[in-house]
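Side chains are part of it too, since the values below use all heavy atoms of this structure and drop only hydrogens, waters and symmetry mates.
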Protein chains: 2
Amino acid sequence: MPRWEQGSEERLRTAALELFEERGFDDTSVVEIADRAGVTTRTFFRYFPDKREVLFAESDRHRAALVQQILDTPDVTQPLRVITSTLAGFDWTGPGMDLLRRRHAVIAASPGLLERDLIKRDDIAVAFADALQRRGVEADAARLAARVGIQVFLTVYAQWVESDGHADPAALTDAAMTLLASLVPATRATG
Amino acid sequence: MPRWEQGSEERLRTAALELFEERGFDDTSVVEIADRAGVTTRTFFRYFPDKREVLFAESDRHRAALVQQILDTPDVTQPLRVITSTLAGFDWTGPGMDLLRRRHAVIAASPGLLERDLIKRDDIAVAFADALQRRGVEADAARLAARVGIQVFLTVYAQWVESDGHADPAALTDAAMTLLASLVPATRATG
DNA sequence: GTCTATAGTCCGATAGAC
DNA sequence: GTCTATCGGACTATAGAC
């Protein structure tokens, strides 16, 4: 376990978030981020493949944990419910509500970061669909459940962040699902 | 719209698609694209704000046309249906089925292009939600219908492209909507 | 049309932990 | 000595500025 000067990665993430808030993403250079973190630009790119990725380090870990939860879900007869419940039940406040809101605001303010956010969501959708299939859900149903479930949760997440984390994700999810049910034509569903 | 005179913009688009197929997106430089099109790199950036955008020139026009269709739809009491029908009824084969498939393949092969594709979809979702709201649909319902409708259509579009354009988009959409209905919990909607 | 800043890559060097 | 994290500098390409 290397002990000396540990924490470059976290210092880089902190410095990046601060600078993006101060000057905006486009007007912040990697050199400035590295300077504030006390490392060189070379070190920055050792940790993050590109400038955008510095804000999405946790996304991959979250995806893995969420997928595992889906694989561990006892009952998958309602795939869409599995997706929304898994997402709503997840503990998003790892680094704290404050950091979550700041990150959310910074991403929304920059088209470049929004692009990256969208592809992360897509990665998650693909991983979810795969997990559902491994649990025996038919391919088309798995794909659609994963995609739609994430869209439903996005509206929930936005409301939840806006409420400063005080709103109940499960209740918000129920409301969103009811809204969705009202939008889907009254075709008789078998399941 | 001078079809008889090949403008620099179209030559650039053709050259870019060819080169992306030959070498891949990352290994193709803007200089190479401009060379093949017989113009300078400066000219490339006069037409396209960045390297990725060369494949998405039509996206903005499509969005505007689709939004107009939504605004012109007589009945918007079933917002989700409005979205899926509008998308399924659109004529996507403007430049020909072959170009559509080639473009689809090139985008799928490059993470950078996939990112751009995703944000274009998001732009469309936002524009659709706005159009629905202007037609009197409540905000939350409009947003959800737009987002979910696009996800439904994505599955339809993928199947349609794979079928070489022979499958019927309307029939595929009906099948996808039935599948969606089977996924949504049997909460009875009022309408 | 030229000039320049920044993103991102590559190779090699250095220094501490084991 | 090995292993790993950091550093330095040169380099190409994108993108914007003049």
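If you measure from atom CZ of B:R46 to atom P of C:dT2, you get 16 Å, rounded to the nearest angstrom. In this structure, A:F25 places its CZ atom 14 Å from P of C:dT6, rounding to the nearest Å. Per the geometry, CZ belonging to A:F44 stands 13 Å off P belonging to D:dT6, to the nearest Å. Look at CZ on A:R52: it is 12 Å from C1' on D:dT14, rounded to the nearest Å. Between A:E32 atom CD and C:dA5 atom C1' there is a gap of 12 Å when expressed in whole angstrom units. In this structure, A:D27 places its CG atom 12 Å from C1' of C:dT6, rounding to the nearest Å. Summarising the geometry, the separation between CG on A:D35 and C1' on D:dC7 is reported as 13 Å, rounded to the nearest angstrom. One atom, CZ of A:R23, and another, C1' of C:dT6, lie 15 Å apart when rounded to the nearest Å.
Taking side-chain N and O atoms only, A:Y47 has a distance below 4.0 Å to OP1 or OP2 of D:dT6. A close approach under 4.0 Å does not occur between any side-chain nitrogen or oxygen of A:R42 and OP1 or OP2 of D:dG9. Checking the phosphate oxygens (OP1, OP2) of D:dT12, no side-chain nitrogen or oxygen of B:S29 falls inside 4.0 Å.
Side-chain proximity of A:D50 to the nucleotides D:dC7, C:dG8, D:dT6 is greatest for C:dG8. Taking only side-chain atoms of B:V30, from C-beta outward, the nucleotide of C:dG8, D:dT14, D:dA5 with the closest atom is D:dT14.
Among the heavy atoms of the strands, none lies under 4.0 Å from B:G112. At a threshold of 4.0 angstrom between heavy atoms, the contacts of B:T43 with the nucleic acid are absent.
By the 6.0 Å and 45° rule, A:K51 stacks over the aromatic ring of A:F25.
When each of B:T41 and A:F45 is assigned the nucleotide of DNA chain C with its nearest heavy atom, B:T41 is the one assigned upstream, toward the 5' end.
For B:H62 and B:W92, the distance between ring centers is under 6.0 angstrom.
Residues B:I33 and B:F20 have side chains in contact (heavy-atom distance under 4.5 Å, counting atoms from C-beta outward).
Salt-bridge annotation for B:K120 and B:D117: absent, with no side-chain N of the basic residue lying under 4.0 Å from a carboxylate O of the acidic one. Ion pairing between B:E9 and B:R13 holds under the 4.0 Å rule for side-chain N and carboxylate O.
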